[in-house]
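For reference, the structure is listed below as structure tokens.
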Amino acid sequence: MRLENKAVLITGGGSGIGRAAALVMARERARLAIADIDADGGQETVRLVREQGGAAVFVATDVSQAQAAAGLVERVVAEYGRLDCAFNNAGIEGELARTADITEADFDRIIAVNLKGVWLCLKYEIQQMLRQGGGAIVNTASAAGLVGTHSMSVYGASKHGVVGLTKSAAVEYAGKGIRINAVCPSVINTPMADRTFAKFPKFERGIKNMNPSHRLGEAAEVAEAVAWLCSDAASFVTGAALPIDGGFTAQ
Ligand code: NAP
């Protein structure tokens with residue numbers, strides 16, 4: 001019950017890692033706001049949380065829009081009275097292409113969702129946490145936010161950006177009782193990975209071979225780390241970019 005009664009917001013909560021985090025945090029008795037651009041996925045997560053006895057509401061949100069990010073935080077406060085934890089996890093993969101072949105439109109879309117979206121959420125979450133005297137935030141970066149990866153340079157740039165935002169914001173607000181960390185997963189078994197493997201079938205075996213653990217990660221393995229980072233058990237942890245990658249970035 002590490003998150004008993006905590007009001008927790010999860011973006012990208014309608015699928016993959018976000019949904020897994022919702023289920024783990026519901027188990028820990030958090031009260032959840034599931035934000036996603038995909039209403040069907042978001043509502044399905046709410047149903048799954050309620051089915052296991054948890055509390056959750058869905059908030060339709062496009063994190064790349066300032067008004068939506070501000071409205072999301074307002075809605076959580078209206079629903080639960082405060083915002084204790086936020087998991088800024090919504091993200092997109094973009095097209096796999098080398099740097100010289102990435103289109104400007106893809107660049108703009110990836111940066112808008114993965115980097116600006118995290119910053120917008122941070123901005124309004126931090127404002128609320130300052131008003132109430134503290135909180136904990138976890139951002140989803142990626143192993144591609146720690147090392148270079150092939151055919152994902154803009155995605156990697158967006159995730160390096162998330163790591164940078166996380167560290168700087170952590171330094172700024174550590175004295176105000178707000179902890180801000182990032183998780184950096186390697187390839188995780190979610191619909192995002194499925195989409196990539198469907199386009200490039202050889203990619204899955206290559207990824208497994210490159211990982212010292214010789215497998216993909218599971219969304220629940222990321223979720224457990226997120227729940228811990230959100231909880232008071234991680235009370236002296238801030239500004240960390242935690243690899244959850246089976247040893248991939250240790251090589
Ligand atoms: P996923 O299964 O595709 O889930 C992402 C969710 O975010 C989807 O429901 C998606 O909706 C939603 N979303 C997309 N754009 C949004 C926006 N503008 N506003 C609000 N919600 C939006 O992906 P995942 O694998 O769980 O990924 C979650 C996070 O982990 C992402 O930030 C990703 O970059 C990161 N990550 C993933 C992996 C991996 O291998 N899976 C590895 C490292 C990091 P739609 O489906 O409608 O787009």
Side-chain angles (χ1 to χ4, degrees), residues 9-24 33-46 48 58-72 86-96 106 108-121 138-147 149 152 154-163 165-166 182-198 200 203-204 206-208 210-211 215-223 225-226 241-246 248-249:
L9 162 177
I10 301 176
T11 72
S15 181
I17 294 169
R19 175 175 291 167
L23 295 174
V24 167
I34 306 300
D36 206 292
I37 203 165
D38 172 9
D40 290 343
Q43 268 149 2
E44 175 61 8
T45 301
V46 167
L48 291 168
F58 172 65
V59 188
T61 311
D62 177 351
V63 295
S64 67
Q65 303 299 314
Q67 239 183 348
L72 168 61
F87 181 31
N88 299 320
N89 162 76
I92 55 172
E93 67 273 31
E95 297 298 329
L96 282 192
D106 210 32
D108 288 344
R109 202 169 65 93
I110 293 168
I111 296 297
V113 178
N114 293 6
L115 185 54
K116 186 177 178 189
V118 169
W119 168 69
L120 283 171
C121 289
V138 179
N139 300 319
T140 302
S142 170
L146 299 173
V147 296
T149 45
M152 304 176 73
V154 176
Y155 177 86
S158 73
K159 296 300 190 179
H160 275 77
V162 170
V163 170
L165 270 177
T166 301
V183 287
C184 300
S186 58
V187 180
I188 305 295
N189 190 12
T190 70
M192 180 183 280
D194 290 344
R195 285 192 293 274
T196 306
F197 297 149
F200 303 97
F203 191 55
E204 183 167 3
I207 288 288
K208 286 179 181 165
M210 280 162 66
N211 193 303
R215 67 173 177 89
L216 305 184
E218 295 300 326
E221 295 178 299
V222 182
V226 173
L242 178 68
I244 303 175
D245 66 357
F248 177 67
T249 56

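When a ligand or atom number is given, it counts from 1 through the structure's own listing order.
Listed as neighbours of ligand 1 are G12, S15, G16, I17, D36, I37, D38, T61, D62, V63, N89, A90, G91, I92, V113, T140, A141, S142, Y155, K159, P185, S186, V187, I188, T190, P191, M192, R195, each bearing a heavy atom under 4.0 Å from the ligand.
Legend: residues meeting salt bridge (charged side-chain N to carboxylate O under 4.0 Å, His left out) with D38, ordered by chain and number and at least two apart, are absent. F197 is linked by a ring-ring contact (aromatic ring centres under 6.0 Å, His included) to F203, counting only residues two or more places apart in sequence or in another chain. Taking the salt bridge (charged side-chain N to carboxylate O under 4.0 Å, His left out) definition, one finds that E218 meets it with nothing, sequence neighbours left out.
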Could you walk me through whether T140 and N89 pass side chain to side chain donor-acceptor pair (under 3.5 Å), step by step? CA-CA 5 Å; T140 302; N89 162 76; 2.8 Å; yes
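For the pair I188 and A193, the tightest heavy-atom approach, listed with the atom from each and the gap, is O-CB, 3.1 Å. Looking at every heavy atom in both residues, V63 comes nearest to C121 through CG1-SG, 3.9 Å.
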